[in-house]
Number of protein chains: 2
Amino acid sequence: MPHAVPEPDDFICFAIYSAGHAFNRLYKPLLESIGLTYPQYLVMIALWARNDQTVGDLGETLLLESSTLTPLLKRLEKSGLLSRSRDPEDERQVRVRLTRKGAGMRTKARDFPSCVKAATGFSNEALRRLRNDILSMRSAVLQAAD
Amino acid sequence: MPHAVPEPDDFICFAIYSAGHAFNRLYKPLLESIGLTYPQYLVMIALWARNDQTVGDLGETLLLESSTLTPLLKRLEKSGLLSRSRDPEDERQVRVRLTRKGAGMRTKARDFPSCVKAATGFSNEALRRLRNDILSMRSAVLQAAD
DNA sequence: ACCATTTACATCGCACGCGATTGAATCGCG
DNA sequence: CGCGATTCAATCGCGTGCGATGTAAATGGT
């Protein structure tokens, strides 16, 4: 075998990197219909699952830094989807809460996951296993990264 | 079952999105040692596999737009790793070629993939299957995205 | 009570990433 | 041959994403 030079598609990290972009493109028209970007949508998902979180909570869930979240949350606040306010118990923390408008947006986004699942062409069972594999790889990689 | 509200980790797209960030964090210290960012490293991989590509070729391989590649390639050119020049046969195209320095960098990056594979904690066989699943999902999603 | 340390968020600079647009070169159809 | 359509890269604006740094609040050991 004469010295196979690897291509991008040979790398698991590139597969994930490029698949992420593919999902982004798929979501974009759906999300534009409700005026969100993909990372903003993730914040909304986190808040729909559990309202009233600190910036740090959201960062832990979404694996993002405050330097990413703060400007993003300000844009969502400006859109009227959530409120940001210092916690009186601990003034260092900022509590993020859905507004009525932000909570109501959940129904508009209800069908997006099934649209996207259909687009993958994978069965629910195959998707579940693939997701679990990716999450456990993520854990291992994050563990190794520090 | 009382109305399960999905969390970010329940979404295959978030699993991929966050796993991508995890790989980025793992690669960062490795790549800093040779002065590259992760997307720059991908361009170098593409050129190590096949030298002398157009911007469009690279975009097709890496699934990136010229609006992303042009500034990135200019930075790599400024670093002395590649050259950019209009194709005399077709002046619309820009041919991207490795310099001696850029070609020589391949040996410095030779061990990165095995470092990263070790960090995932997956066997070669499991990684290969996971990669293929992700690539086929990427194809399906890209197909659906247009 | 004091002050060093830690924690939590914000700010800044830089590098993606893409849609929309531009401008130049080429193509293609009559 | 002529000229509108197409192709290819570059530019611009906006939104991430993060490391480094700043700042204010809380903590903890003495």
Side-chain angles (χ1 to χ4, degrees), chain A residues 13-14 17-29 31-32 35-44 53-60 62-79 84-96 142 145-146, chain B residues 13-14 17-29 31-32 35-44 53-60 62-79 82-96 142 145-146:
Chain A
C13 54
F14 174 67
Y17 168 87
S18 55
H21 293 165
F23 274 109
N24 212 321
R25 284 175 210 179
L26 182 62
Y27 264 111
K28 184 154 299 203
L31 291 173
E32 266 172 3
L36 290 180
T37 66
Y38 182 67
Q40 289 168 6
Y41 172 59
L42 292 177
V43 167
M44 296 304 288
Q53 298 192 51
T54 67
V55 174
D57 291 338
L58 290 169
E60 200 166 328
L62 301 176
L63 299 171
L64 295 174
E65 304 297 319
S66 75
S67 46
T68 300
L69 282 172
T70 296
L72 191 159
L73 292 170
K74 283 185 177 178
R75 284 189 276 279
L76 288 175
E77 184 180 39
K78 189 172 290 184
S79 303
R84 296 162 57 250
S85 56
R86 292 279 165 186
D87 186 338
E89 303 288 312
D90 182 345
E91 293 274 354
R92 292 172 305 180
Q93 297 185 121
V94 166
R95 307 215 66 92
V96 180
L142 284 176
D146 55 31
Chain B
C13 55
F14 174 67
Y17 167 88
S18 55
H21 293 165
F23 273 109
N24 213 319
R25 284 175 211 180
L26 182 61
Y27 264 111
K28 184 155 298 203
L31 291 174
E32 267 172 0
L36 291 179
T37 66
Y38 183 67
Q40 288 168 8
Y41 172 59
L42 292 176
V43 167
M44 297 304 288
Q53 298 193 52
T54 68
V55 174
D57 291 338
L58 290 169
E60 201 166 326
L62 301 176
L63 299 172
L64 295 174
E65 304 298 318
S66 74
S67 47
T68 300
L69 283 171
T70 296
L72 191 158
L73 292 170
K74 283 185 176 176
R75 283 187 280 273
L76 288 174
E77 185 180 39
K78 188 173 291 186
S79 303
L82 51 80
S83 68
R84 296 160 59 249
S85 55
R86 292 278 166 188
D87 186 338
E89 303 288 310
D90 182 345
E91 293 275 353
R92 290 172 305 179
Q93 298 185 122
V94 166
R95 307 216 65 92
V96 180
L142 285 176
D146 55 33

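Proteins come first, then strands; the chains are lettered A, B, ... in the order of their sequence lines, and each starts at number 1.
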dT16(D) C1' sits how many Å from L76(A) CG, rounded?
->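 These atoms are roughly 12 Å apart.
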
Can you give one letter per nucleotide of nucleotides 1-14 of chain C, 5' to 3': B if a protein heavy atom sits under 4.0 Å from the base, S if only from the sugar-phosphate, - if neither?
-> ------BSBBBB--

R75(A) backbone acceptor or donor facing S79(A) side chain under 3.5 Å | yes

Please confirm whether the backbone N or O of H21(A) pairs with a side-chain atom of N24(A), one donor and one acceptor, at under 3.5 Å?
-> no

Choosing from dG19(D), dG19(C), dC16(C), which nucleotide comes nearest the side chain of K28(A)?
->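 Side chain of K28(A) sits closest to dG19(C).
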
Are E77(A) and R84(A) close enough for a salt bridge, meaning some N to O gap below 4.0 Å?
-> yes

Phosphate contact ([N] OP1 or OP2) by [X] side-chain N/O below 4.0 Å:
X	N	answer
Y17(B)	dG17(D)	yes
Q40(A)	dT16(D)	yes
T37(A)	dT16(D)	yes

Does E60(B) CD have over 12 foreign heavy atoms under 6.0 Å away?
->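 No, because the 6.0 Å sphere around CD of E60(B) holds 12 heavy atoms or fewer from other groups.
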
Mutual orientation of the aromatic rings belonging to Y17(A) and Y38(B) [parallel < 30°, tilted 30-60°, perpendicular > 60°] = perpendicular

Remember a base hit wins even if backbone is also touched, and classify E32(A) as base, sugar-phosphate or nothing at under 4.0 Å, heavy atoms.
-> nothing

